[in-house]
Amino acid sequence: MKFLFLLAAIAPLASGYEQQVLQEQRPAGTLRRFNVSSRGEASTIMTVARRNDLDVWGVTRSHIDIYWPSNEGSKLPADLKELPHTSTTIPPWMGGHHQTAGEPDWDLSTLNATFHEDYHPLEQADEFMRQLTTQFPNTTQLTRIGLTAEGRDLFALTVSKEGNVSLVEDKKKKKKKKKKHPVAVPKLNIVVVGAQHAREWIATSTSLYLAHALAVNSSDIHSLLDVFNFHIIPSPNPDGYAYTWTNERYWYKNRQTLAAHVPCKGLDTNRNWGYQWHHEPVEGALHPDVPVDPCSHWYPGNRPFQAPEVNDIANYVATIPDLIGFLDLRSYGQMISTPYSYSCERYPKDIEDQTEAAYGAAQAIKTTHGVHFEAGRVCDNLYEAPGNILDWMYSRAGAKYSYAVHLRDTGTYGFSLPAKYIRPVGEETAGMVSYLAKFIAAKFKRKL
């Protein structure tokens with residue numbers, strides 16, 4: 001498969017002080033929740049949202065959350081004015097106030113590191129990964145897998161034990177009383193991706209916590225490395241993530257220039273993957289039209305793999321052998337979802353195994369801190385959307401156990417989840433990963 005590559009000029013970054021001032025000067029916005037009791041009601045609201053290019057934050061079977069910035073708070077479309085809803089004031093900034101000058105000292109020898117007490121800008125997230133490879137040189141490796149539209153580095157962190165084989169019991173018939181010898185087989189690989197959508201900070205923070213937990217020898221999930229290699233991309237949209245720290249906290253897309261005549265920047269990277277991608281409107285209930293307007297929140301680009309970040313990640317994944325699992329960490333909604341995203345009428349051939357593992361993973365999350373997650377197909381939990389990374393990883397990259405995981409919460413804070421939840425979310429996500437890995441290992445007769 002050929003992938004397209006695009007490189008734009010490097011954009012300057014604001015200083016840490018400027019980042020803080022830009023964010024703190026922004027007034028609060030309004031999040032409106034519209035309760036729904038049927039797919040028909042949900043379809044009506046989504047249609048209005050598409051026609052008015054509203055910023056849909058969350059969609060579940062019971063409600064739809066739509067955000068209005070402070071300067072647009074009164075611009076409620078006529079079709080929505082009569083519908084019952086509740087309103088919540090959303091602050092533009094939750095955490096991330098400290099900006100450490102120079103090389104920070106987080107003491108990454110244990111999971112109690114202060115790094116996981118707050119959100120961090122892109123530069124510090126990258127520095128965390130560099131320090132992790134210094135602290136754990138035998139289990140971590142940082143790889144630059146490409147460049148973004150604005151010229152930033154795109155990194156993947158591999159966490160693995162030395163050697164690329166694990167052991168399984170030899171099933172060949174042996175004489176009685178003769179000692180059985182294990183057989184060496186290639187390790188299985190799992191890919192984890194953080195915030196494709198720039199504003200989903202908790203997804204990036206959680207992927208960094210997960211990498212740390214895997215690397216620390218004394219952690220509960222370090223033993224997973226006996227069977228699996230983990231490839232973690234905490235910030236698959238570095239330009240957009242950096243922009244949320246300097247200009248617009250709730251920015252969604254990447255930051256590439258689409259064309260000289262287009263007044264807007266960026267496309268939705270999670271609709272730009274080359275499986276069932278298209279940019280024509282889709283008809284039907286709860287099928288959000290794929291907009292051709294490049295200024296839309298959901299603009300998928302004018303061709304698959306147009307986003308350099310998507311192209312680079314796809315090329316990187318293509319080099320990983322024995323890929324068995326994929327996790328797309330997102331926020332918010334507390335859901336773990338299976339393919340497909342592009343259609344609710346199509347079922348993966350592995351749906352039974354995927355669903356069984358998903359329900360077990362949801363229970364593992366609840367066991368950690370008592371937080372409930374829904375499990376189901378992503379098109380049922382959300383809506384149909386073509387060009388999704390989940391479908392590509394399953395159908396093209398061959399990751400049988402592929403999931404979209406929407407982390408906390410269910411809308412109380414939305415994308416502004418307070419920093420005090422970073423560690424608990426990391427812990428319950430580690431519990432989920434542990435369950436999924438053991439489930440997969442058992443299917444392959446690997447002992448953990």
Side-chain angles (χ1 to χ4, degrees), residues 1-8 129 141-158 188-198 200 203-204 207 229-241 252-258 266-279 290 298-330 337-342 348 350 378 385-405:
M1 182 182 294
K2 295 182 179 178
F3 300 113
L4 302 172
F5 181 82
L6 178 64
L7 177 63
M129 290 189 286
Q141 178 181 348
L142 189 62
T143 304
R144 192 188 77 165
I145 63 175
L147 291 173
T148 68
E150 294 184 336
R152 292 180 174 86
D153 289 327
L154 180 61
F155 290 113
L157 183 69
T158 299
L188 302 172
N189 289 274
I190 295 176
V191 171
V192 180
V193 169
Q196 283 195 92
H197 297 147
E200 298 172 9
T204 292
S207 61
N229 302 318
F230 288 83
H231 308 269
I232 301 174
I233 306 172
S235 184
N237 179 8
D239 294 343
Y241 183 77
Y252 186 76
K253 303 183 287 184
N254 74 351
R255 292 292 300 163
Q256 74 185 90
T257 299
L258 301 171
L267 56 79
D268 181 352
T269 58
N270 201 29
R271 289 173 180 261
N272 193 234
W273 290 83
Y275 182 76
Q276 296 294 332
W277 177 94
H278 58 79
H279 68 310
V290 182
W298 292 337
Y299 181 61
N302 57 33
R303 63 182 184 274
F305 300 109
Q306 181 181 357
E309 300 86 358
V310 171
N311 177 73
D312 291 338
I313 294 171
N315 282 327
Y316 172 70
V317 170
T319 69
I320 300 174
D322 302 299
L323 180 62
I324 190 63
F326 169 68
L327 296 176
D328 178 23
L329 299 184
R330 301 183 59 181
S337 306
T338 63
Y340 287 114
S341 173
Y342 81 94
D350 301 301
V378 68
N388 193 285
I389 189 174
L390 179 68
D391 293 351
W392 187 88
M393 286 289 184
Y394 173 68
S395 296
R396 289 290 181 260
K400 174 180 176 178
Y401 295 94
S402 290
Y403 299 96
V405 183

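None of the values given here were measured: they were computed from a predicted structure. Numbering starts at 1 and runs along the sequence shown. Keep in mind that the numbers below use all heavy atoms, side chains included, and drop hydrogens, waters and symmetry copies.
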Taking atom types as modelled, is there a side-chain donor on Gln306 or Trp277 under 3.5 Å from an acceptor on the other?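 Note: Gln306 and Trp277 side chains miss the donor-acceptor criterion.
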Any chance you could lay out the side-chain contact (heavy atoms from CB on, under 4.5 Å) test for Tyr403 and Asp328, step after step, and finish with the verdict? CA-CA 6 Å; Tyr403 299 96; Asp328 178 23; over 6 Å; no
Could you grab the distance from atom [atom1] of [X] to atom [atom2] of [Y], nearest 0.5 Å is fine?
| X | Y | atom1 | atom2 | value |
| --- | --- | --- | --- | --- |
| Lys400 | Leu323 | NZ | CG | 13.0 Å |
| Gln256 | Asn272 | CD | CG | 7.5 Å |
| Tyr252 | Thr269 | OH | OG1 | 8.5 Å |
| Asn388 | Asp268 | CG | CG | 9.0 Å |
| Thr319 | His231 | OG1 | NE2 | 8.0 Å |
| Ile145 | Leu154 | CD1 | CG | 4.0 Å |

How far apart are the closest heavy atoms of [X] and [Y], and which atoms are they?
| X | Y | value |
| --- | --- | --- |
| Tyr299 | Leu258 | CE2-CD1, 3.8 Å |
| Asn237 | Ala195 | CB-O, 3.9 Å |
| Ala307 | Leu267 | CB-CD1, 3.7 Å |
| Pro304 | Gly274 | CB-CA, 3.7 Å |
| Pro339 | Ser402 | CD-O, 3.4 Å |
| Pro308 | Ala149 | CG-N, 3.6 Å |

Taken in chain and number order and not counting sequence neighbours, the residues that satisfy side-chain hydrogen bond (donor to acceptor under 3.5 Å, both in side chains) with Asp239 are Thr148, Arg152
Output, in order, the C-alpha distance, side-chain angles, deciding distance and verdict of side chain to side chain donor-acceptor pair (under 3.5 Å) for Asn270 and His197. CA-CA 8 Å; Asn270 201 29; His197 297 147; 4.6 Å; no
So, does Asp312 use its side chain to make a donor-acceptor pair with the main chain of Leu147 at under 3.5 Å? yes
Check whether any side-chain N or O of Thr204 sits under 3.5 Å from a backbone N or O of Ser235 as a donor-acceptor pair, and report yes or no. no
Given side-chain contact (heavy atoms from CB on, under 4.5 Å), test Tyr316 with Ile320 step by step and report yes or no. CA-CA 7 Å; Tyr316 172 70; Ile320 300 174; 3.9 Å; yes
Could you check whether the rings of Tyr340 and Tyr275 sit parallel, tilted or perpendicular, using 30° and 60° as the cut-offs? parallel
How are the rings of Trp392 and Phe305 set relative to one another: parallel (under 30°), tilted (30 to 60°) or perpendicular (over 60°)?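 Perpendicular: the ring planes of Trp392 and Phe305 meet at over 60°.
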Derivation of the side-chain contact (heavy atoms from CB on, under 4.5 Å) call for Trp273 and Ile313: CA-CA 10 Å; Trp273 290 83; Ile313 294 171; 3.7 Å; yes
Derivation of the side-chain contact (heavy atoms from CB on, under 4.5 Å) call for Ile190 and Tyr401: CA-CA 9 Å; Ile190 295 176; Tyr401 295 94; over 6 Å; no
Taking side-chain hydrogen bond (donor to acceptor under 3.5 Å, both in side chains) as the criterion, tell me which of Glu309, Glu150, Gln196 meets it with Asn254. Glu309
